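One structure is given below, encoded as structure tokens.
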Amino acid sequence: MGVSDVPQVLGTTSGHHSRSVPSPKGTLGTHPGQGHLQDRDKGVPASSVPPTLPAMGSLMPPPAPGTSSSPSRPSSLPPCTPKGALGTHPGRGHIQGRDRGLTPPSVPALPQFRMAGEAPVPSSCDCFVALPPHTASPAVIFGKNADRPRDEVQEIVYVPAATHRPGDKVQCTYLQIEQVEHTHAVVLSRPAWLWGAEMGANDRGVCVGNEGVWSREPLGEGEALLGMDLVRLGLERGSSAREALEVITALLERHGQGGNCKEQPVPFVYHNTFLLADRTEAWLLETAGRYWAAQQIREGSRNISNQLSIGSDITAEHPGLRQRARSQGWWSGDGEFSFARAFSLEEQPPRMEAAKARLQAGMELLRQHAGHITAETLMSILRDKASGICVDSEGFRTAGSMVSVLPRDPALPCVHFFTATPDPSRSVFKPFVFVDGIKPVPQVRSPTFPQDPAKQIPRFQSSVDRRHELYRRHQAALELMEHDRERGQQLLETLQELEQQGLQGMRELLEGTVSPCPEELADLFFDCVEAEMKFYT
């Protein structure tokens with residue numbers, strides 16, 4: 001199946017809705033007869049910036065020792081030139097004069113897809129946010145890799161907004177807590193065995209992701225709220241990043257955090273840091289037991305990676321935070337108070353120690369791209385294996401990835417991209433937009449089990465197959481990429497073109513050059529998943 005056979009993802013600029021059109025000509029992201037971007041910039045650097053999308057040669061693994069370098073593409077493959085496809089001019093396969101959001105010309109572009117993993121690296125998550133003036137347009141851009149046990153499945157779940165009765169309860173992963181009157185619609189990327197989420201967004205333009213940390217506060221043995229439960233609760237109950245933070249901290253103080261964070265009988269317990277963002281600002285929230293500190297981020301960029309990083313620049317904190325540090329001898333009470341210095345372990349676990357290099361690498365990549373950061377920039381960073389940000393090790397790997405664009409203009413929609421599959425360097429980011437009547441996407445939902453070992457006491461005494469249909473087909477595609485270089489490269493190029501259509505569609509949508517009907521947006525994520533699955537058959 002070639003790129004020209006991609007089913008229409010969104011309707012034409014006339015607003016007609018159809019999924020049966022066999023060619024992407026005229027689909028969202030192009031005007032009839034035009035494949036290039038328009039003059040207005042809503043998510044990419046100015047048109048004077050030359051293209052930096054890597055050539056196909058950079059997508060190939062390095063040659064084995066003693067062998068010659070591979071050509072940029074297998075000699076049997078024709079140039080990848082979908083006629084009139086999104087992001088290209090008819091008859092040309094390269095990206096046109098406007099930068100797709102990667103880097104200014106002096107900064108090397110990060111490879112977007114890779115054929116094979118690098119050496120194993122310790123487990124860790126990475127979460128990023130960029131705000132003006134570091135973004136290429138007036139938007140906040142959020143991204144996260146969820147690094148989880150290698151055999152864990154991550155599913156994408158849409159939960160509509162709801163009104164609840166007084167006295168209603170909500171069953172989280174382990175605890176049942178009081179429900180609120182109204183919950184926002186949310187889209188979540190979550191480990192399939194639990195209630196919460198690694199990352200997600202709500203219909204008010206809020207995004208939240210979490211990271212595991214270990215501090216001087218004891219972890220505790222009892223079941224409480226997982227950090228992933230707090231991610232979902234913050235999204236369901238918070239209308240802004242600040243409100244979501246207030247929700248999380250109140251629940252943390254009341255119920256605590258704890259419980260096994262992986263689907264195995266041997267406990268894996270950690271505390272959490274959170275990155276929260278909306279259209280106007282971001283917040284970093286770091287916790288140690290029931291204690292916490294938060295830092296407001298109004299401009300620039302920030303990343304987190306399994307570290308306590310808030311020093312003395314604290315915007316809000318637990319009312320007993322400093323007294324706790326002083327009573328334990330972690331702070332003398334004199335001089336400047338640093339949350340990270342007071343609550344960090346003197347000897348950190350190996351995964352936290354190793355994550356320091358990833359934290360620094362992420363900071364450097366954001367610095368290099370400052371002023372030009374777009375959704376595609378963060379996708380590229382999340383795919384970077386050389387830094388360890390994209391994990392592919394024996395025990396852990398990047399199980400799912402997310403990138404969101406939150407325009408400052410409230411009249412424009414927020415666009416959220418999810419992979420729903422492991423290893424973003426060999427996955428497709430697919431767009432989702434909140435509208436009424438979202439079409440269910442069962443292909444990215446895991447099966448349910450009447451006797452689920454995650455819900456029975458004692459827990460995790462057996463295992464079940466939670467793979468959803470897209471995950472299964474993607475697994476087969478990864479095996480192809482590993483064992484058949486030429487066919488694997490063809491598939492990678494096709495997947496890249498599919499993703500470019502989604503990115504181009506996002507740009508056109510945010511530029512206002514097309515106005516798809518709500519039904520098209522309601523089907524958007526379903527259509528993109530369906531298109532990807534057809535390449536795997």
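FYI, the numbering just counts along the sequence from 1. Predicted model only: the values in this text are computed from it and were never measured.
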Please check: side-chain N/O of [X] versus main-chain N/O of [Y], any donor-acceptor pairing under 3.5 Å?
X: Trp214; Y: Val269; result: yes
X: His134; Y: His369; result: no
X: Thr398; Y: Gly400; result: no
X: Asp278; Y: Glu281; result: yes
X: Arg279; Y: Pro407; result: yes
X: Asn303; Y: Cys127; result: no

Hey, are [X] and [Y] close enough for a salt bridge, meaning a charged N less than 4.0 Å from a carboxylate O?
X: Arg383; Y: Glu376; value: no
X: Glu217; Y: Arg324; value: yes
X: Lys439; Y: Asp527; value: no
X: Arg290; Y: Glu253; value: no
X: Arg232; Y: Glu236; value: yes
X: Arg237; Y: Glu243; value: no
X: Arg216; Y: Glu346; value: yes
X: Arg459; Y: Glu263; value: no
X: Arg358; Y: Asp384; value: no
X: Asp392; Y: Arg426; value: yes
X: Glu198; Y: Arg190; value: no

I would like to know whether Phe460 and Trp193 meet ring-ring contact (aromatic ring centres under 6.0 Å, His included); could you show each step before the answer?
-> CA-CA 10 Å; Phe460 313 123; Trp193 62 272; 5.4 Å; yes
Does a side-chain heavy-atom distance below 4.5 Å link [X] with [Y]?
X: Leu235; Y: His184; answer: no
X: Val129; Y: Thr135; answer: no
X: Phe429; Y: Leu382; answer: yes

Tell me yes or no: between the side chains of [X] and [Y], is some donor less than 3.5 Å from an acceptor?
X: Gln368; Y: Glu364; value: yes
X: Ser427; Y: His474; value: yes
X: Gln257; Y: Asn272; value: yes
X: Thr287; Y: His271; value: no
X: Ser305; Y: Asp126; value: yes
X: Arg298; Y: Gln296; value: yes
X: Gln154; Y: Arg148; value: no

About how many Å separate [atom2] of [Y] and [atom1] of [X], when rounded to the nearest 0.5 Å?
X: Met402; Y: Phe128; atom1: CE; atom2: CZ; answer: 14.0 Å
X: Arg466; Y: Asp151; atom1: CZ; atom2: CG; answer: 11.0 Å
X: His468; Y: Gln443; atom1: NE2; atom2: CD; answer: 10.0 Å
X: Met199; Y: Asn145; atom1: CE; atom2: CG; answer: 7.0 Å
X: Leu188; Y: Phe418; atom1: CG; atom2: CZ; answer: 7.5 Å
X: Leu275; Y: Ile297; atom1: CG; atom2: CD1; answer: 5.5 Å

Full working for side-chain hydrogen bond (donor to acceptor under 3.5 Å, both in side chains) between Thr249 and His318 | CA-CA 8 Å; Thr249 55; His318 185 285; over 6 Å; no
Go through the steps to decide whether Met379 and Leu503 satisfy the test side chain to side chain contact (heavy atoms under 4.5 Å, CB included), and finish with yes or no.
-> CA-CA 11 Å; Met379 291 177 188; Leu503 285 163; 3.6 Å; yes
With sequence neighbours excluded, residues passing salt bridge (Lys or Arg N to Asp or Glu O under 4.0 Å) with Glu286 = none
Residues in salt bridge (Lys or Arg N to Asp or Glu O under 4.0 Å) contact with Arg302, at least two apart in sequence or another chain | none
Give the C-alpha distance, both sets of side-chain angles, the deciding distance and a yes or no for ring-ring contact (aromatic ring centres under 6.0 Å, His included) between Phe142 and His416.
-> CA-CA 9 Å; Phe142 173 93; His416 312 281; 9.0 Å; no
Apply side chain to side chain contact (heavy atoms under 4.5 Å, CB included) to Ile177 and Cys172, showing your working.
-> CA-CA 7 Å; Ile177 66 172; Cys172 303; 4.1 Å; yes
What closest approach, in Å, do [X] and [Y] show between heavy atoms, and which atom pair accounts for it?
X: Gly234; Y: Ile248; result: CA-CG1, 4.1 Å
X: Ile141; Y: Ala375; result: CD1-N, 3.6 Å
X: Glu532; Y: Leu495; result: CG-CD2, 4.3 Å
X: Lys262; Y: Pro149; result: CB-CG, 4.0 Å
X: Ala293; Y: Leu321; result: CB-CD2, 4.2 Å
X: Leu245; Y: Leu276; result: N-CD2, 3.6 Å

Can Asp168 and Glu181 be said to form a side chain to side chain contact (heavy atoms under 4.5 Å, CB included), step by step?
-> CA-CA 9 Å; Asp168 278 356; Glu181 180 180 356; over 6 Å; no
Counting only heavy atoms not in Met363, do more than 12 fall under 6.0 Å of its CE?
-> no
Where do Glu317 and Arg322 land on the salt bridge (Lys or Arg N to Asp or Glu O under 4.0 Å) test, with the steps shown first?
-> CA-CA 9 Å; Glu317 63 188 77; Arg322 302 189 188 211; 3.0 Å; yes
Kindly say whether the aromatic ring centers of Tyr270 and Phe268 come within a distance under 6.0 Å.
-> yes
When the ring centroid of Trp195 is compared with that of Tyr174, is the distance short of 6.0 Å?
-> no
Is there a side chain to side chain contact (heavy atoms under 4.5 Å, CB included) between Phe525 and Val187 once you walk through the steps?
-> CA-CA 11 Å; Phe525 191 67; Val187 59; over 6 Å; no
Evaluation steps, side-chain hydrogen bond (donor to acceptor under 3.5 Å, both in side chains), between Gln461 and Gln456 | CA-CA 9 Å; Gln461 299 304 299; Gln456 294 181 309; over 6 Å; no
